[in-house]
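Before any comments, here is the structure.
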Amino acid sequence: MLRHIAAAVLAGALVAQPVQAQAPAGPPPSQTYIHAGALLDRPGQAPRGASTLVVQDGRIVQVADGLLPAPAGARLIDLSDQFVLPGLIDSHVHIFSDDDKTAARLEAMTRGAETRFVVGLDNARRTLDAGFTTVRDLGSEPTAITALRDGIEKGLIEGPTIVNAGRMISISGGHGDGANGLAEPYAELVRDHAVNTCDGPEDCRRAVRIQVSQGAQVIKFAATGGVLSNVAGGLGRQMFDDEMKAIVDTAHAFGRKVTAHAHGKDGIEAALRAGVDSIEHATFTDAETLALFRQTGAYLVPTMIAPEAAVAQARAGERPPAVLAKAEEAARIAFEGHIAQYAAPGVKIAFGTDTGVSAHGDNATEFKMMVDAGMTPDRAIRSATVDAADLLGLSASLGTLEVGKSADIVAVSASPLADVTELERVTFVMRRGVVHKLDGARQPWPAD
Ligand SMILES: [Zn+2]
């Protein structure tokens, strides 16, 4: 039977008619003309003046100077008094993290997967509404994040394109060990099901392979302690060289990029030497560390709004007591560190916020902090477009507005090159050619 089908398919292929002879004359392809008052089509270069973007089937098919009249049948979106730029990319979010930290802690043992998923759905919508058309999720329950990612990808639900890590790989007692601080019966239960903790290189290979098998597109591991884990383990290095190397090599063998959560200098440098593609947070760095960034070409993802938010939450009693001292130390040091990092030539920076620590939809407040630490608005925007797309391995479709690329487009009412906080007030959001926000208002869904 199978052989007959195969033979028929092969025969069909051999006698196929020329396409022109069979294709029926269908309706003209639907196009959208976007009139932009100014267009930053390639962040890092000077913006263009009044321009027209033509979008078809979710992609950009033309970029032209001036405001081209839209032909009959085409949709015209008038942003001729707006500043238009590529959709923003946040390289570090936790889309399922609840903004209400107290409720999340109190309900941790009683919330079902469905309740947590609904929180994630809402967060995804708010993220897109804020102009972030792509995010990299660096730590969520694997079945939830892959379901959300695929639902958005199929156009079933509203949200940004998601590149996901699954669970963060961690040593036992490390930043990503879910059993930290739990009473014994619960700790044992969590450990039994934990697939993201590993001790020793062999075990760390296994942990990477399990994350990949559960849908991880990128691997994240904790090289050092973390601010928010409920363990008084400090912010220094927690993982040995052989464990980091095993994680990086195993992930790269699967074609996955690897990013390391790292605060302490020793952990950052060990992760860079192990071959990671990026470092999250990078709180404690010096000239030696920055030289290693330059040498390896790894990206630095600063997440500036996270420590500030964590300190405020810990002081308000919304976080466990073990968190407060770590958060205060990190917040104090981080800002000065980032000033030096931005000033260091050749250190690659990708925009990331660790949103989920701070509130979803506030992602763009990171821009002002970057600029306050000495970055030009132009470079800050590039870090959230061109550079983040490079870090995510998506430069072929994202990061700039060029013919053939995805129609992920946002607009603001004045130039963010003059005032970067304009990006906190996005007026227009299109993702894959679908309008999600127009004139500052969310559009009905489904948008078509
Ligand atoms: Zn994070």
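Counting starts at 1 for both ligands and their atoms, following the listed order. Here, residue 1 is the first one in the sequence, and each next residue gets the next number.
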Between A334 and P307, what is the shortest heavy-atom contact and its length?
CB-CG, 4.5 Å
Using distance alone, with no hydrogens and no angle criterion, decide if H281 and T303 have a side-chain donor and acceptor under 3.5 Å apart.
yes
Are side-chain N/O atoms of S413 and R425 paired as donor and acceptor at under 3.5 Å?
no
Counting backbone and side chain alike, does H261 bring an N/O/S atom below 2.8 Å of the Zn ion (ligand 1)?
no
Partner of E280 under side-chain hydrogen bond (donor to acceptor under 3.5 Å, both in side chains), chosen from H261, H263, K220, R136
R136
Please name the atom of H94, limited to N, O or S, that comes nearest to the Zn ion (ligand 1).
NE2
Please give the atom name: the N, O or S atom of D354 nearest to the Zn ion (ligand 1).
OD1
